[in-house]
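Every chain is numbered from 1, with letters handed out A, B, ... down the list of sequences. For clarity, every value in this text was computed on a predicted model and none was experimentally measured.
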Number of protein chains: 4
Amino acid sequence: MPTSKKTTPTRREELLATAAEVFAEHGYRATTVRRIADEAGMLAGSLYYHFDSKESMLDEILTGFLDDLWARYDAVLAAGHGPRETVTALVTESFREIDRHRPAVALYQRESAHLAGNPRFAYLADSRRRFEEMWLGVLRRGVADRAFRADLDTRLAYRFLRDTVWVAASWYRPGGTHSAEEIARQYLSMVLDGIAPRP
Amino acid sequence: MPTSKKTTPTRREELLATAAEVFAEHGYRATTVRRIADEAGMLAGSLYYHFDSKESMLDEILTGFLDDLWARYDAVLAAGHGPRETVTALVTESFREIDRHRPAVALYQRESAHLAGNPRFAYLADSRRRFEEMWLGVLRRGVADRAFRADLDTRLAYRFLRDTVWVAASWYRPGGTHSAEEIARQYLSMVLDGIAPRP
Amino acid sequence: MPTSKKTTPTRREELLATAAEVFAEHGYRATTVRRIADEAGMLAGSLYYHFDSKESMLDEILTGFLDDLWARYDAVLAAGHGPRETVTALVTESFREIDRHRPAVALYQRESAHLAGNPRFAYLADSRRRFEEMWLGVLRRGVADRAFRADLDTRLAYRFLRDTVWVAASWYRPGGTHSAEEIARQYLSMVLDGIAPRP
Amino acid sequence: MPTSKKTTPTRREELLATAAEVFAEHGYRATTVRRIADEAGMLAGSLYYHFDSKESMLDEILTGFLDDLWARYDAVLAAGHGPRETVTALVTESFREIDRHRPAVALYQRESAHLAGNPRFAYLADSRRRFEEMWLGVLRRGVADRAFRADLDTRLAYRFLRDTVWVAASWYRPGGTHSAEEIARQYLSMVLDGIAPRP
DNA sequence: CATGAATGAGGTTTCATTCAT
DNA sequence: GATGAATGAAACCTCATTCAT
């Protein structure tokens with residue numbers, strides 16, 4: 001019986017959620033601070049009572065998402081499952097994360113590549129590296145254990161998995177016909193077993 | 001009447017290639033006309049001798065790419081292969097297109113969603129629709145023909161394929177270790193047969 | 001009967017002292033109300049319980065300083081000394097004033113010129129005029145009395161004295177190696193007798 | 001027949017002169033970019049074709065002045081005069097500099113203290129140090145040579161001279177009744193010999 | 001007395017675009 | 001074909017000030 005930790009969100013959190021939504025829809029650059037303020041029912045200047053800059057909103061949105069994501073990934077990795085189960089759990093957690101933080105994930109997908117050059121967002125490159133290590137590790141172990149095909153190009157498979165999962169944030173809508181878990185199951189069946197029928 | 005077909009590229013074409021490169025790297029909004037001009041070794045104002053506007057550069061880049069792409073897709077569809085072969089051919093052509101027009105593809109991937117609302121770029125929504133119809137048609141026929149698994153969620157598989165292929169434009173570099181055809185083969189083996197070993 | 005004459009300073013006075021310090025350091029314009037409030041350990045809005053506006057703080061600081069200064073100058077002038085003694089007394093009182101109200105003096109020196117146009121600060125121009133009259137009077141009397149050199153350009157000497165004294169507020173720090181009186185003595189010896197040795 | 005080296009000033013130089021004028025009159029902070037542009041007969045944004053920022057205008061004005069000043073001071077020092085002549089020459093050059101670069105000097109006087117903390121303006125602190133060394137050197141040599149009084153407090157005299165000279169920029173107007181050289185002569189007679197008659 | 005939150009005016013800066021030369 | 005200079009709209013941000021609590 002999980003007691004909801006969610007107390008009433010602070011004004012900051014509300015505003016960040018609004019900002020994330022708009023950023024995700026139009027892109028960071030194309031989003032004006034005025035637009036966010038409009039959406040929040042205040043004047044553009046008023047946002048600066050809560051945040052230092054437009055960039056710091058972006059920063060907070062991305063770190064909030066990544067911190068949460070890694071906490072969950074770490075829990076999965078700590079469980080010590082076999083490769084197939086680990087892939088399953090990681091993909092499932094990823095789709096759950098899209099469910100929880102859709103705008104942040106879409107934003108991350110859209111902007112992280114060119115933000116990574118900015119010192120303030122160096123953690124994006126760090127995260128990307130951990131990501132790569134994590135997936136390559138799981139995939140290689142899977143190949144070694146014969147959980148995955150021996151001829152698998154793990155680097156390519158890593159990119160394939162990474163992209164496939166996160167791009168879903170661009171079309172996924174919480175409360176749609178499929179739950180995050182269902183989408184994860186479908187994706188996994190394609191990735192693990194392919195779309196061609198097994199004999 | 002010197003219509004240059006594939007001989008030396010015109011100055012326009014050179015400039016468009018430059019613009020596409022910069023757009024792809026930084027995003028359309030974040031790219032300044034001055035930056036494109038710098039890269040082309042001229043002043044910002046001088047670009048307006050060649051193009052009406054920044055938007056018209058974007059337009060020309062995207063139509064150039066889509067016209068080419070559809071010509072090739074249409075050729076594949078006209079060949080009348082079976083579903084598995086058609087998927088194979090379409091995916092292969094897609095990766096070849098990334099090879100030929102990488103910046104344009106990356107740009108398309110990044111910007112098409114929110115450009116679609118702009119009347120000038122209505123053709124993006126049209127293209128997207130044709131895309132969807134094409135893929136859904138192939139996939140459904142494949143399920144009917146038992147070329148693909150009976151339990152395949154074709155809408156989800158469509159998104160999966162679409163995203164998976166195009167996102168590759170964000171990391172693919174022509175002249176890397178894998179040719180476009182090799183990457184296509186690897187992707188197809190994952191999509192068609194999965195990463196788990198077949199019994 | 002709590003009229004605080006010179007006992008514990010009221011909160012207003014404390015806040016004005018803080019404001020004067022910050023104004024003097026960064027200039028009036030460059031000083032934000034928030035900065036003053038920070039320094040005073042409160043929020044910007046809270047200052048408005050004590051003062052009408054940022055400008056009224058400036059006003060109070062400047063009038064406080066000028067009222068005090070003129071009371072002292074008037075006492076000197078009323079004493080009816082000769083020119084040399086009067087100059088000595090005025091310069092000494094000026095340095096004492098710097099000692100007592102350093103931030104206010106620095107502020108006055110820095111801002112009075114362009115504040116003088118503002119009707120609210122018309123008293124600055126008045127004060128400047130009285131200043132000029134006072135000094136010119138003393139210097140001219142001194143020349144007439146042969147207390148000062150016959151060839152003295154009194155207008156130039158006036159500016160020289162005025163500037164020389166007040167600019168000291170920008171580097172003087174109370175509690176330094178020299179007392180106000182000592183600095184006054186040194187200044188006077190330079191002004192009255194020059195830095196070259198007297199035969 | 002000194003051939004005027006002054007070719008027609010570039011647009012940049014014209015704009016800098018305008019900016020310096022306005023900065024000097026109202027202070028750097030209180031001066032809006034729009035005000036400068038108005039004075040120059042253009043729109044605020046147009047200034048950014050010529051300069052990176054308001055700060056870079058300030059920077060260029062100050063470096064232009066200081067470079068010129070030091071070139072002249074260095075020439076004086078290189079001449080190897082005795083202390084009294086050196087002081088005379090330095091003060092005279094200073095007043096000439098006020099004549100040439102009045103707004104820049106006024107600006108320097110008004111803003112250098114609090115700009116010095118800004119890394120971009122570190123050269124202000126450097127210049128101030130060289131200034132101090134130069135003056136202290138001359139004064140000490142003068143005391144040793146008996147050109148100046150034995151009891152002279154050289155540190156105090158340095159400040160006295162420094163301030164006295166530069167503050168004149170706040171009231172000096174080129175083309176007034178006194179030439180720069182005349183003012184210098186008067187100042188020097190006060191500083192060197194005092195305002196009291198010599199016996 | 002003080003806080004937290006907001007306003008609104010105005011500031012600096014960016015940038016696509018124009019145009020005479 | 002290209003340059004140098006400018007426009008003008010709109011962006012981000014600052015800050016004195018207000019006010020309910």
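Summarising the geometry, the separation between OH on D:Tyr49 and C1' on F:dA5 is reported as 6 Å, rounded to the nearest angstrom. Atom-to-atom, CD of D:Glu13 to P of F:dA5 comes out at 12 Å; the value is rounded to the nearest Å. Atom CG in A:Leu43 sits roughly 8 Å away from atom C1' in E:dA6 (whole-Å rounding). A straight line from CE of D:Met42 to C1' of E:dC19 spans 15 Å, rounded to a whole angstrom. Taking atom CG on A:Leu47 and atom P on F:dT14, their separation rounds to 13 Å, with Å as the unit. Across the protein-nucleic acid pair, D:Asp38 atom CG and F:dG8 atom P stand 13 Å apart, rounded to whole Å.
Side-chain contact of C:Arg110 with D:His114: a donor-acceptor pair under 3.5 Å is present, judged by distance alone. In this model, no donor atom of one side chain and acceptor atom of the other lie less than 3.5 Å apart for D:His26 and C:Arg29.
With rounding to the nearest 0.5 Å, the separation of CG in A:Leu15 from CD1 in A:Ile61 is 10.5 Å.
Partner assigned to F:dG8 is E:dC15, using Watson-Crick or G-U wobble distances below 3.5 angstrom. The pairing partner recorded for F:dC13 is E:dG10, the criterion being a Watson-Crick or G-U wobble arrangement whose two distances lie under 3.5 angstrom. With a cut-off of 3.5 Å on both Watson-Crick or G-U wobble distances, the partner of F:dT21 is given as E:dA2.
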Report the C-alpha distance between D:Asp59 and D:Tyr123 in whole Å, list the side-chain angles of each, state the deciding distance to 0.1 Å, and finish with yes or no for side chain to side chain donor-acceptor pair (under 3.5 Å). CA-CA 10 Å; D:Asp59 195 354; D:Tyr123 62 84; 2.6 Å; yes
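Not one side-chain nitrogen or oxygen of D:His50 sits closer than 4.0 Å to the OP1 or OP2 atom of F:dG4. For F:dG4, neither phosphate oxygen OP1 nor OP2 lies less than 4.0 angstrom from any side-chain nitrogen or oxygen of D:Arg12.
Atom name C1', nucleotides F:dT21 and E:dC1: the rounded distance is 13 Å, in whole Å.
In this structure the side chain of A:Arg12 reaches within 4.5 angstrom of the side chain of A:Phe51, judged on heavy atoms. Using a 4.5 Å cut-off on side-chain heavy atoms (C-beta onward), A:His50 and A:Met57 make no contact.
Geometrically, D:Lys54 does not engage D:Tyr48 in a cation-pi contact defined by less than 6.0 Å to the ring centre and at most 45° from the axis.
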I need a per-nucleotide contact map over nucleotides 11-17 of chain E, read 5' to 3'. Cutoff is protein heavy atoms under 4.0 Å; write B for the base, S for backbone only, - otherwise. SSBBBSB
